[in-house]
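Remarks on the structure that follows.
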Amino acid sequence: MKILLMGHPNVGKSVFFNRLTGANVIESNYSGTTVDYTRGYMSLDGKEVEVVDVPGTFSLDPKDRAEEVAVAMLKEAKDAYVICVIDSSKLERGLYLALQIMEEGYSVIIALNMDDVAEDKNIKIDSQKLEQILGVPVVSTIAIENIGISKVISRLKDAKPVDVEDITVMRAGMNHRGKCGCT
Amino acid sequence: MKLNPDERWDLIDSIASHVVTYGEYRHTLKDAIGELTVKPMTGIPIAIAVMYCFWSVFGSFAGTLCTDGFFVKLFDGYWLPWLQEVFPGKGGWLYSILIDAGGMTNGEFILSDNCFEAFGVLTSGLFVAIGVVLPAIVIFYLMLTLLEDIGYMPRLAVLIDTVLHKIGLHGYAIVPTILSLGCNVPAVTATRILETRKQRFIMMTLLAIFIPCGAQLGIMEEVIPGLVGYVLLYLVIGYFIFGFVLNKIVPGKSPEILIDVPQYQKPMMANVRRKLWMRVSSFFKVAVPFVLLGCVVVNVLYLVGFIQWLGDLLAPVFVGWFGVPKETAGPLVAAFLRKDLAVAQLSVIEMTQYQMLSAVVLVSIYFPCVATFAMMLKEGWKELIGSVAVLAVVVFLYGGIIHLIGKLLGVA
């Protein structure tokens, strides 16, 4: 099993990586700190799992060398799980990449990182509702303070490929037993 | 199923409208500071203040406090005399390589009295690596890490964007440029944040030629404190002149960019500590072996007479064109292995102030050190060959120009 950490530049992928694997990769507060990928290992249910810190990319259509590395990493690992790290204060553009990755048929889990920054900016995201709409696990995190990381790991097993055709906001109305309350 | 971009954005819009609620926008202190540091009127003076602060802390901590205040006393006062005393075979070749090549005065073997002149692996080699370079690198990376984690770098990028466009780059090129002041090796990899091959080539070439690394800065502060400013001035001017020329002649595009300016953040001490440790230790894994190896190679080449031969051979170029003594051949060989070592060597050669200035600039712009060279090769051999060709032209031209300026000023 392999986990890829993907997302826009400067959303905290490297922080995630270091917290997950106990490894040391450089973290900074600006885009483009990670320009090459780094592999590390963490244990999940007694098994060793490979984790890859992928350089930040805005979309799957690469614009620079670091993004090329990112896209190549994804294409190479067809059966990988992807933790899509999104800056909570910039949800929309983060979702763009997440959707692209889901369209490629990967099992995605979404980490709404930098929850504190969003809160500073007075932006609130209903993560449960987002999870119901997308059909993939969504977890709020503050990676630098180690908040939510273990929850992301515990939800990994719920990640599965989703057909984007099935994604409609109608699903937000569904109740917990899976029956649709809407028409 | 796959969506096209428009369908994707439509879907995102409808999702966002269901899950995101925007509260009232609050103008926080962070925002206010953020704006002050990015608007040119206030931002440029602040940037100059930050850079000045950076430089003076660098000089006073590394040079004055650590090196002069402690390591010089330790190495010259205890380490060197002790080794000179206990190491057997004074005057022999092993003694010359490891401890002290000394000097012959009236047929008598005279020991050196400081670690710059001894030039043994265990004396000068260790002194340069630990006594001079270590403190310089530690303080440099500490300050860089703080600036990075606070989130100042992208703001600097915004401020300098217009200027860097003139040389075919854009504001974000400030990141590899500043990283390069620590060590050129990670900076070469950092050029990947630039979009086009043209930009990467220009950046890589400029940083390999014109940007002195932290180790070299540290040693320059130590051995030629009065000239560092002039050396840097020549390098900065060269960076822009040749950047401007490269931009005109290298084919390709230099696109505009949108810079994402993150919020200011309080640096997390654990992260700063870890990053500092990683950078300093990886620097030393590369640096220390090369410093020690450099001492061995240069000493051996001296002993077998190669350096003298090379000096005589290149004398017309060195003396006539560059206006520096032919003895600088030795340091130039060392400069390929380590530039800090080369500057240390230059400092003990007798020459005028202006010759010293020219020689140090030459050592800086001449060939990148072997570690940088290897890193550039990894990024692509075509680029490397191109860079080396540019470098050869630059060294010859710029070296000559510096000599000419000296002549016109009547100091060379």
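Bear in mind the structure is a predicted one, so any value in this text is a computation, not a measurement. Proteins get letters first, then strands, A, B, ... in listed order; numbering begins at 1 in each.
- With a 4.5 angstrom heavy-atom cutoff, Lys124(A) touches chain B via backbone and side-chain atoms both.
- Contact annotation for Arg197(B): neither backbone nor side-chain heavy atoms come within less than 4.5 Å of a heavy atom of chain A.
- Residues Arg192(B) and Asp64(A) are not paired through a salt bridge, judged by the lack of any N-O separation under 4.0 Å between the basic side chain and the carboxylate.
- With a 4.5 Å cut-off on non-hydrogen atoms, Asp120(A) touches chain B through its backbone and its side chain both.
- To the nearest 0.5 Å, the span separating CD on Gln263(B) from CG on Asp116(A) amounts to 8.5 Å.
- When heavy atoms are compared at a cutoff of 4.5 Å, Leu194(B) approaches chain A solely by way of its backbone atoms N, CA, C and O.
- Heavy-atom pairs under 4.5 Å with chain B peak, among Ile144(A), Val69(A), Leu91(A), at Ile144(A).
- Note on Glu195(B) versus Arg65(A): no salt bridge recorded, every NZ/NE/NH1/NH2 to OD/OE distance being 4.0 Å or above.
- Between Tyr96(A) atom OH and Leu11(B) atom CG the span is 11.5 Å, to the nearest 0.5 Å.
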Are Arg274(B) and Asn18(A) close enough, and set up right, to give a side chain to side chain contact (heavy atoms under 4.5 Å, CB included), and what steps lead you there?
CA-CA 11 Å; Arg274(B) 198 157 34 85; Asn18(A) 286 343; 2.9 Å; yes
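- Heavy atoms of Tyr22(B) lying under 4.5 Å from chain A belong to its backbone as well as its side chain.
- Side chain of Asn122(A) to main chain of Tyr25(B): no donor-acceptor pair is present (N/O by atom type, distance under 3.5 Å, no hydrogens or angles).
- No more than 12 heavy atoms of other residues, nucleotides or ligands sit less than 6.0 Å from atom NZ of Lys47(A).
- Proximity to chain A (any heavy atom under 4.5 Å) is shown, for Pro255(B), by neither the backbone nor the side chain.
- Contacts with chain B were tallied for Glu67(A), Glu103(A), Arg93(A), Met102(A); Glu103(A) has the most, counting heavy-atom pairs under 4.5 Å.
- The candidate with the highest count of non-hydrogen atom pairs below 4.5 Å against chain A, out of Thr196(B), Asp13(B), Ile15(B), is Ile15(B).
- Between the CD1 atom of Ile133(A) and the OG atom of Ser14(B) there is a distance of 7.5 Å, given to the nearest 0.5 Å.
- Contact tally against chain B (heavy-atom pairs below 4.5 Å) for Gln100(A), Glu104(A), Glu68(A), Glu145(A): the top residue is Gln100(A).
- If you measure heavy-atom distances from Leu3(B) to chain A, the contacts under 4.5 Å come from both the backbone and the side chain.
- Using a 4.5 Å cut-off between heavy atoms, Glu119(A) contacts chain B through its backbone alone, with no side-chain atom that close.
- Within the model, atoms NZ of Lys2(B) and CG of Leu99(A) stand 13.5 Å from one another, a figure rounded to the nearest 0.5 Å.
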